[in-house]
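Inspection log for the structure reproduced underneath, given as structure tokens.
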Amino acid sequence: MTDTTVRLTTKKDWTSDQEVRWCPGCGDYGILLAVQMLMPDLGVAPENTVFVSGIGCSSRFPYYMSAYGIHSIHGRAPAIATGVAVARPDLDVWVITGDGDALSIGGNHFIHALRRNVNMTILLFNNRIYGLTKGQYSPTSEVGKITKSSPFGSIDPPFNPLAVALGAEASFVARTHDLDRKHMIETFRAAHDHRGASFVEIFQNCNVFNDGAFDDITGREQRPKMMIDLKHGEPIRFGPDRERGVVMGADGQLRLVDVGDVGEDAILVHDAHRHDPSLAFALARLSNDDHSPTPFGVFRSIERPDYGTAVGAQLAAASDKKGPGNLADLLRSNGSWTVTADM
Amino acid sequence: MTDTTVRLTTKKDWTSDQEVRWCPGCGDYGILLAVQMLMPDLGVAPENTVFVSGIGCSSRFPYYMSAYGIHSIHGRAPAIATGVAVARPDLDVWVITGDGDALSIGGNHFIHALRRNVNMTILLFNNRIYGLTKGQYSPTSEVGKITKSSPFGSIDPPFNPLAVALGAEASFVARTHDLDRKHMIETFRAAHDHRGASFVEIFQNCNVFNDGAFDDITGREQRPKMMIDLKHGEPIRFGPDRERGVVMGADGQLRLVDVGDVGEDAILVHDAHRHDPSLAFALARLSNDDHSPTPFGVFRSIERPDYGTAVGAQLAAASDKKGPGNLADLLRSNGSWTVTADM
Amino acid sequence: MTDIVDRDAAASGTEQIDHIVIRFAGDSGDGMQLTGDRFTSASAVFGNDLSTLPEYPAEIRAPAGSINGVSSFQVHISDHDITTPGDAPGVLVAMNPAALKADLDRLMPGGTLILNTDTFDERNLDKADYTTNPLDDGSLNGYRVIKVPMTTLTKDAAIPLGVKARDADRSKNFFALGLVSFMYSRPTEATLEWIDDRFAKTDLVRQSNRAAFLAGYHYGETTEEVGHRYEVRPAHLPPGEYTTITGNVALAWGLVAAAHQAKLPLTLGSYPITPASDILHELSKHKNFGVRTVQAEDEIAAAAIAVGAAFSGHLGITTTSGPGVALKSEATSLAVSLELPMLLIDIQRGGPSTGLPTKTEAADLNIAMFGRHGEAPLPVIASYSPSHCFFAAIEAARIAIKYRTPVILLSDGYLANGSEPWRLPDPDDLPDISVAFATEHNHTLDDGTTEFWPYLRDPVTLARPWAIPGTPGMMHRVGGLEKEDGSGNINYSPANHEKMVHLRAAKIAGIANDLPPLEVRGDADADVCVLGWGSTWAAIDAAVQRTRRRGGKVAWVHLVHLNPLPRDLGDILKRFRRVIVPELNLGQLCRIVRGEYLVDAQSISKVQGLPFTAIEIEEAIEQAMTHVEELS
Amino acid sequence: MTDIVDRDAAASGTEQIDHIVIRFAGDSGDGMQLTGDRFTSASAVFGNDLSTLPEYPAEIRAPAGSINGVSSFQVHISDHDITTPGDAPGVLVAMNPAALKADLDRLMPGGTLILNTDTFDERNLDKADYTTNPLDDGSLNGYRVIKVPMTTLTKDAAIPLGVKARDADRSKNFFALGLVSFMYSRPTEATLEWIDDRFAKTDLVRQSNRAAFLAGYHYGETTEEVGHRYEVRPAHLPPGEYTTITGNVALAWGLVAAAHQAKLPLTLGSYPITPASDILHELSKHKNFGVRTVQAEDEIAAAAIAVGAAFSGHLGITTTSGPGVALKSEATSLAVSLELPMLLIDIQRGGPSTGLPTKTEAADLNIAMFGRHGEAPLPVIASYSPSHCFFAAIEAARIAIKYRTPVILLSDGYLANGSEPWRLPDPDDLPDISVAFATEHNHTLDDGTTEFWPYLRDPVTLARPWAIPGTPGMMHRVGGLEKEDGSGNINYSPANHEKMVHLRAAKIAGIANDLPPLEVRGDADADVCVLGWGSTWAAIDAAVQRTRRRGGKVAWVHLVHLNPLPRDLGDILKRFRRVIVPELNLGQLCRIVRGEYLVDAQSISKVQGLPFTAIEIEEAIEQAMTHVEELS
Ligand SMILES: Cc1ncc(C[n+]2csc(CCOP(=O)(O)OP(=O)(O)O)c2C)c(N)n1
Ligand SMILES: Cc1ncc(C[n+]2csc(CCOP(=O)(O)OP(=O)(O)O)c2C)c(N)n1
Ligand code: SF4
Ligand code: SF4
Ligand SMILES: [Mg+2]
Ligand SMILES: [Mg+2]
């Protein structure tokens with residue numbers, strides 16, 4: 001990192017001159033604002049920050065950030081970002097993607113970037129629809145959804161993005177939503193501060209093609225009883241008076257209970273740092289629709305070596321061992337002989 | 001299904017005239033034999049059976065089965081098999097793949113076939129190495145592995161194939177190994193009988209490029225203490241005298257215990273039919289290396305509609321509703337008018 | 001079906017004109033595509049020949065009022081047979097300043113401008129980067145300007161019905177439609193009926209649109225503003241039953257028809273991408289035709305699904321555009337090796353990379369011809385008009401099925417969204433393209449036992465037998481490795497590989513024997529020949545007509561089959577002193593025919609995301625003629 | 001480094017010959033590749049010029065003793081400068097019946113056969129489909145047959161050392177090596193030293209191999225069987241320091257050198273595939289050169305990683321073959337649009353689809369030139385010999401970096417695994433191909449403020465500035481959508497798109513001004529010109545030499561740059577009455593030059609998974625000459 005990173009920046013320093021082109025009312029605006037407000041706090045410099053996106057409404061995001069950016073090709077952002085992060089472990093790499101971009105065409109790059117723990121912060125704008133192509137169902141759309149490409153209702157069961165990420169060894173997994181700027185900022189900050197691949201699912205409203213998809217959970221009046229706020233080390237409770245809680249049964253099944261019935265001590269204590277991802281997975285599957293109590297916050301955050309650093313370490317080790325590469329020696333390394341003039 | 005399916009077949013009916021071309025001692029031979037021995041029992045006919053594979057040593061498999069077969073392209077078998085299964089729900093579709101084929105280049109097709117629950121039985125020959133290309137590390141190779149492409153040791157943390165599958169909504173997930181024909185046959189049978197996408201990971205020894213990868217678990221003398229045999233509805237116990245067991249703590253963490261210490265009733269009872277995949281996932285993560293007690297058998301087996309059948313149902317419903325398609329009507333369906341001669 | 005009774009012909013004081021090009025332009029939110037569509041249908045029903053060109057921004061919604069947000073729809077109606085959406089519009093309807101700014105320079109000198117004056121306020125003028133107000137800065141002096149406070153008038157008409165002001169505003173496009181319908185003597189019934197059932201569910205909207213439409217129509221009748229009306233008489237289209245059709249719908253219907261004529265179920269594997277998505281959308285509606293559609297995880301899977309379906313005895317199809325074409329190369333190469341029928345349909349758009357998703361281009365000929373590793377030849381065919389997409393689909397399927405080969409069918413964004421009146425074909429006249437699956441052993445061993453050889457070819461077509469799962473005794477394995485001719489067993493021997501490479505090439509080349517002789521349009525004895533393919537057809541047709549009307553001589557050959565090239569093409573081209581090849585690329589077909597026939601063909605290139613105008617081609621023909629004269 | 005002291009020259013009774021082609025053939029398990037390698041190194045050290053051709057089955061292990069399992073290694077050693085591994089071998093070493101069956105027909109009439117008689121038992125004869133035993137059925141009468149019970153003799157030599165019988169058997173290839181080394185007067189020290197350190201870890205194996213090698217050598221000395229020995233004198237190679245190098249290693253080293261000369265770190269994204277994997281393997285060894293290698297999840301990711309690395313200021317490289325090439329088209333098209341340097345290296349193999357993974361072919365020229373959607377031109381260059389792969393890599397990097405464009409470098413399986421002696425270049429003589437990153441604003445707004453425009457081009461090269469992350473004040477966004485020339489902002493306007501399409505094309509075309517004039521080898525005044533590219537160089541060179549030695553006149557132009565084509569190519573080709581284009585495909589370059597220059601070039605095609613032999617080309621030249629005579 002260059003010393004410029006300590007220079008203080010303001011939201012303005014992070015805002016590009018491009019006019020924002022999402023539909024009026026699109027949830028993407030709120031996410032953009034949250035990121036632009038967060039960046040100055042991170043003490044990083046725009047010139048050391050790269051936003052990589054694929055293709056989709058959400059993937060227009062990099063154009064609006066005054067930083068380095070690549071609006072790449074559909075689904076390939078995690079792979080391109082891997083190239084950036086491996087070549088330049090000194091940079092802050094962000095990946096902006098959508099539910100189709102990351103989980104449909106980009107599924108393979110997504111799971112491998114997580115498995116390798118490449119240092120990047122992945123923000124997945126999940127609106128459960130293909131926005132840019134005008135409204136086909138996506139891998140996160142609910143069964144039965146009527147869209148242009150599923151006039152009789154979709155028959156594809158959706159992915160649970162957090163479950164996919166946890167099944168793929170993700171070291172940091174979190175969820176937030178586009179209506180709560182404070183929560184977004186806190187979640188993005190935690191994701192950024194985590195070294196390695198951080199994955200954040202953002203419930204994002206597409207008011208044109210899938211309006212209100214998350215209303216039953218994130219609607220103002222729903223939140224208390226429908227949003228379960230996860231905090232590491234704290235019992236998992238929710239409800240207007242935090243009267244509801246989560247317990248793990250001896251049969252290995254999580255259940256929602258009234259705290260009164262089971263007693264405070266029985267309530268499961270959230271452990272985001274546990275190496276075994278099984279608990280985070282169970283919490284991710286606590287709700288598999290958009291109409292029942294759903295956990296938000298950081299599901300998992302564990303330390304393991306990030307890929308770019310590991311690559312760099314092998315280079316350093318090799319140079320220490322053999323000394324910096326010398327071309328002349330390389331050319332001789334398979335043995336050589338001399339043909340003398342006098343032959 | 002045609003009535004030929006009830007015709008009895010023998011192993012010979014399933015053996016093609018092609019000479020088998022794996023290295024002497026390769027684990028693939030045992031798997032081939034197990035499948036060829038199982039097929040007659042399934043009461044299906046070779047002509048209604050299709051084996052689809054990608055590219056790899058394991059993917060040579062279809063040539064050796066006397067059935068319909070496609071030795072396709074690297075990683076695409078699940079997608080090609082989806083085409084077969086959607087077009088022809090009447091067929092028995094098997095996918096033969098390797099750890100590189102299914103989890104590296106083919107990762108995206110693999111997780112989407114599982115998510116859609118396309119009717120196919122996927123046998124993944126996991127030898128933790130790229131065999132056909134002569135020994136590079138694979139997405140299931142352990143960290144630090146020295147191979148041609150990782151002379152200083154691989155830095156890629158491996159996938160746990162079962163965890164990937166469970167994160168991708170797989171409805172049937174099992175594990176077996178190439179040294180136990182009986183166990184393979186039972187597992188393959190269960191996978192075949194499951195309607196929808198069935199996934200079986202097979203520990204397979206590549207004696208040329210990764211010999212003995214699984215010896216610590218599947219070695220004759222290791223088995224009793226290292227293999228945990230999962231049976232639906234039964235307490236999860238293992239050990240020479242079944243003296244060890246698995247319990248779920250209130251903290252959501254599975255633990256290995258001495259049955260004597262906790263009492264039989266405390267032992268976790270396996271539930272493969274549970275809709276929530278969390279328990280299966282926890283069991284899949286019980287061991288994440290090849291040197292500690294590892295569960296085998298059917299981790300998960302739940303009923304949900306298979307994709308090909310659902311597609312067929314929508315076709316049938318449409319025909320019932322609108323009647324079978326009529327071309328002349330179709331051409332008029334956007335409105336039409338007549339130009340008369342007398343103009 | 002409405003019979004043509006020329007309702008307004010009675011109305012006097014209408015000036016007869018033979019054709020008019022009208023362009024509706026407004027904000028993406030203003031519903032210009034809907035307005036244009038309706039005007040088109042009304043004109044079609046009225047019996048005009050017509051051609052349309054919709055244009056909209058790539059952004060879902062660019063900022064309201066901005067130039068990037070302008071969406072427009074151009075329609076050309078005529079009393080004679082026409083093919084292009086027209087070059088310069090004679091009438092421009094601009095619903096806001098941005099629309100005026102964006103499209104004014106297209107309007108023909110002295111053309112008519114119809115402006116919604118309500119929107120020319122400071123805010124909107126700013127957004128359109130106007131420093132002064134064009135309504136009164138004299139910048140429009142060269143045109144006939146009709147100023148109408150459409151928003152106000154629409155509200156006046158709708159609010160009394162209980163419509164909220166905000167909603168009433170949404171009806172102003174119908175006001176514009178009504179006004180233009182009056183000016184150009186369109187029948188009103190069809191449109192009113194359409195409004196009634198399109199908005200049946202939301203009665204207030206229905207009433208509001210109706211009221212706006214009539215308000216516009218009457219405004220025309222009553223105000224001085226408009227002056228006298230025009231009438232474009234019905235075209236003398238050959239008698240028959242017609243519908244208005246876009247290229248993508250025609251293509252989708254063609255695929256349904258092809259499957260029907262082939263007696264095969266249809267399975268489509270596709271991943272959404274502009275401008276191809278509508279084929280997926282259309283096909284997914286027709287499940288009662290036994291059409292299976294799978295929205296795949298990506299283009300690779302989509303193509304692979306088509307291959308799997310083909311192996312299983314279905315008509316396997318995959319549709320895409322732009323980068324999706326590149327992604328299908330791997331699976332298409334497998335289909336070449338497996339020698340299975342499969343259709344890869346490419347609705348070309350502007351490239352490279354993501355390029356210009358909503359703009360048209362024809363620069364995928366190269367990748368279609370040469371975009372596979374190794375020697376992997378396959379047939380390539382191209383549709384040339386919206387309605388031709390229907391027949392092109394059937395022809396592509398015919399070749400794929402008969403020769404057991406993947407076929408690439410090229411259309412483009414212009415054909416995909418453009419529309420024209422189409423005289424409905426009689427389904428019974430469509431060709432039978434069915435094929436018999438192999439069910440019997442075709443090879444006998446020395447010991448007399450028989451077996452099935454999947455690569456034992458038909459001596460004429462060189463097609464291999466197609467035996468599908470479910471057929472007893474015909475079990476066989478196919479794969480992407482080189483295989484022995486006949487048995488199909490894996491075989492790497494030098495002689496066999498060379499043989500197979502040549503066999504695969506010969507099979508495709510042989511399709512040329514199965515093509516009708518080329519039609520040389522225009523003057524066979526001309527010096528100049530225009531060689532076209534794809535959507536340039538419309539502009540070339542108009543240009544050739546004009547040239548000849550002016551007494552110039554020109555010949556025209558239009559290719560549907562691009563690989564293999566028709567056998568007579570070389571001799572035909574050699575007959576002319578100058579061959580020009582207009583293409584929406586940098587000369588891809590031109591280079592191919594030069595290499596094939598050593599003919600010094602000249603490329604006429606346009607790469608602007610727009611189709612050729614007739615004038616551009618006419619000028620190219622001119623130049624070619626003068627060039628020839630100079631030579632002599 | 002061993003100095004050349006001709007140890008065995010002393011030995012009398014040796015017949016001097018100018019060259020010999022020896023083919024070692026046996027079961028995949030017999031270690032023929034190792035044997036061939038050693039013989040090659042020994043000959044190299046001895047100072048011969050040489051060329052090799054390894055061939056092995058695609059199966060990891062085909063059944064032992066089967067014809068599919070035969071693995072062979074052909075080496076051509078000579079006292080003069082040669083380029084091909086030779087056409088018909090003069091000596092065939094067959095370790096088992098299958099090897100004899102597979103390769104006998106390659107042996108030149110009257111050639112020498114060295115057979116391991118121990119393996120000619122019924123089981124092995126069966127596996128090789130021999131009904132009678134060739135050792136005594138007279139079928140080998142036409143050859144000089146040397147029968148040696150190699151297995152037995154090897155065991156006799158090894159077992160006394162305490163080696164197990166089964167292991168001793170494994171050393172029999174060293175017996176063969178020893179025998180042939182004696183017959184062709186190879187120095188023994190080098191080989192013995194090599195055995196010692198190669199098998200240092202396993203002493204018993206080391207001893208066993210040593211014993212077998214010496215046993216073979218002495219068997220030659222002592223038995224009548226062999227008759228007198230031959231000697232191929234050292235070639236008169238120009239003085240200097242030499243190493244023996246294969247194409248893939250040369251290519252990998254060339255990439256390291258290119259990064260070094262460009263002063264850029266190297267990042268490789270690759271997915272293993274035969275025959276390209278060895279470049280990944282080789283590069284992953286050289287981390288002390290700052291070389292980063294990522295074994296990606298697939299080819300798409302591998303190419304994407306190269307793009308990301310290029311954006312970040314590295315030399316981004318991706319290597320592949322066969323279907324992998326098709327999969328990289330999408331990301332390469334993005335690199336064309338982003339105008340970033342990147343190398344796509346294609347080690348061509350037999351296609352289509354999975355094709356013939358271990359066989360050579362040169363049929364990817366089409367996909368390299370035309371395999372991208374839209375108009376996406378990029379430079380294509382090809383290496384022509386194992387050692388040239390080193391320089392081709394540097395040239396590819398030079399063009400990519402200077403013009404900010406992806407470059408496709410074509411090699412093939414024959415160059416990849418073939419080897420030759422290479423006179424080591426002096427690193428200081430390698431070109432400086434470094435580039436300055438942009439660090440300053442390059443555009444001033446009306447208000448005087450300055451900014452960075454990522455698409456403001458260098459007027460000469462048309463390259464855009466390369467500003468990398470970490471540079472303050474230069475933040476910018478790039479993407480795959482069409483962008484405005486200069487500012488790089490998204491722009492769909494027709495005029496701008498046309499301008500950008502032409503600018504991208506002009507940038508690539510302009511590289512032709514940066515290429516040295518073509519060298520016309522042979523007789524500039526000949527009637528016939530051979531136009532070659534890639535690995536056909538060796539066979540063409542030999543054929544041209546032979547033709548000219550026989551007094552025939554022929555010219556030869558060999559292309560390294562395939563896109564853009566050198567500016568003088570057209571004029572050169574037009575000078576000749578007949579142009580023939582030998583290619584390991586169906587005439588891909590031929591079609592391109594025909595279209596480009598309207599020259600009636602003729603394709604000489606071979607698609608057998610094998611390189612051309614000199615004779616094949618010589619005959620083609622013959623025919624071309626007679627054709628010309630007939631014309632006159
Ligand atoms: C290779 C390729 N295939 C398809 C497309 C078309 N396409 C662009 S974005 C998109 C999906 C967008 O959905 P999502 O990723 O959820 O982003 P959103 O627009 O909803 O934010 C598709 C199918 C493309 N641009 N490139
Ligand atoms: C598109 C493509 N990329 C790469 C290859 C080369 N390749 C063939 S098989 C293989 C991996 C084999 O490993 P695995 O899937 O584990 O199968 P195994 O050989 O171990 O059974 C690779 C990289 C290919 N054939 N095609
Ligand atoms: S389509 Fe949906 S996601 Fe896209 S910009 Fe509009 S509202 Fe947002
Ligand atoms: S390389 Fe390994 S996996 Fe492949 S055939 Fe040989 S032993 Fe089996
Ligand atoms: Mg989305
Ligand atoms: Mg493997």
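Chain identifiers are assigned alphabetically (A, B, ...) following the order of the sequence lines, protein sequences preceding nucleic acid strands; residue numbering begins at 1 within each chain. Worth knowing before you read on, the calculation uses all heavy atoms, side chains too, and leaves out hydrogens, waters and symmetry mates.
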Can you find a heavy atom in the side chain of [X] that is under 4.5 Å from one in the side chain of [Y]?
{"X": "Met65(A)", "Y": "Met475(D)", "result": "no"}
{"X": "Ile468(D)", "Y": "Arg88(A)", "result": "yes"}
{"X": "Arg60(A)", "Y": "Ile490(D)", "result": "yes"}
{"X": "Val86(A)", "Y": "Ile305(D)", "result": "no"}
{"X": "His109(A)", "Y": "Asp298(D)", "result": "yes"}
{"X": "Trp422(D)", "Y": "Asn334(A)", "result": "no"}
{"X": "Ile70(A)", "Y": "Val307(D)", "result": "no"}
{"X": "Ile111(A)", "Y": "Glu297(D)", "result": "no"}

What is the minimum heavy-atom distance between [X] and [Y], and which atoms define it?
{"X": "Ala257(D)", "Y": "Leu327(A)", "result": "CA-CD2, 3.9 Å"}
{"X": "Pro239(D)", "Y": "Thr340(A)", "result": "CB-C, 4.1 Å"}
{"X": "Phe289(D)", "Y": "Leu330(A)", "result": "CZ-CB, 3.9 Å"}
{"X": "Phe390(D)", "Y": "Leu331(A)", "result": "CE1-CD2, 3.9 Å"}

Flag the one option from [options] with the top tally of heavy-atom pairs under 4.5 Å to chain D.
{"options": "Pro78(A), Gly325(A), Ser53(A)", "value": "Gly325(A)"}
{"options": "Val52(A), Asn108(A), Asp17(A)", "value": "Asn108(A)"}
{"options": "Ala77(A), Ala318(A), Ala316(A)", "value": "Ala318(A)"}
{"options": "Thr82(A), Val50(A), Ile73(A)", "value": "Ile73(A)"}

Give, as side chain, backbone, both or neither, the part of [X] having an atom under 4.5 angstrom from any heavy atom of chain A.
{"X": "Pro265(D)", "value": "neither"}
{"X": "Tyr242(D)", "value": "both"}
{"X": "Ala250(D)", "value": "neither"}
{"X": "Pro425(D)", "value": "both"}

Main-chain N/O of [Y] paired to [X] side chain as donor or acceptor, under 3.5 Å:
{"X": "Thr243(D)", "Y": "Gly335(A)", "answer": "yes"}
{"X": "His314(D)", "Y": "Ala87(A)", "answer": "yes"}
{"X": "Asn288(D)", "Y": "Gly323(A)", "answer": "yes"}

Among the listed options [options], the residue most often paired with chain A at heavy-atom distances under 4.5 Å:
{"options": "Val256(D), Ile245(D), Thr293(D), Ile300(D)", "result": "Ile300(D)"}
{"options": "Leu424(D), Thr244(D), Leu266(D), Val249(D)", "result": "Leu424(D)"}
{"options": "Leu237(D), Thr471(D), Thr267(D)", "result": "Thr471(D)"}
{"options": "Glu451(D), Glu330(D), Arg423(D), Met474(D)", "result": "Glu330(D)"}

Asp320(A) versus chain D, heavy atoms under 4.5 Å apart: side chain, backbone, both or neither?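 Nothing of Asp320(A), per the 4.5 Å heavy-atom cut-off to chain D.
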
Which answer fits Phe51(A), side chain, backbone, both or neither, if we ask what part of it has an atom under 4.5 Å from a heavy atom of chain D?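 Neither part; nothing is under 4.5 Å.
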
When rounded to the nearest 0.5 angstrom, what distance separates NZ in Lys285(D) from NZ in Lys322(A)?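 Answer rounded to 0.5 Å: 9.0 Å.
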
Intermediate values then yes/no, side-chain contact (heavy atoms from CB on, under 4.5 Å), Tyr64(A) and Arg477(D): CA-CA 9 Å; Tyr64(A) 310 137; Arg477(D) 276 68 52 194; over 6 Å; no

Checking an interface table here. Which of residues 113-122 of chain A come within a heavy-atom distance under 4.5 Å of chain D?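 Answer by number: Arg116(A).
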
I'd like to know whether NE2 of His260(D) has more than 12 heavy-atom contacts from other residues, nucleotides or ligands below 6.0 angstrom.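 Counting neighbours around NE2 of His260(D), 12 or fewer heavy atoms of other residues, nucleotides or ligands fall under 6.0 Å, so no.
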
Check the angle between the aromatic planes of His476(D) and Tyr68(A) and answer parallel, tilted or perpendicular using the 30° and 60° thresholds.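 If you compare the ring of His476(D) with that of Tyr68(A), the planes turn out perpendicular.
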
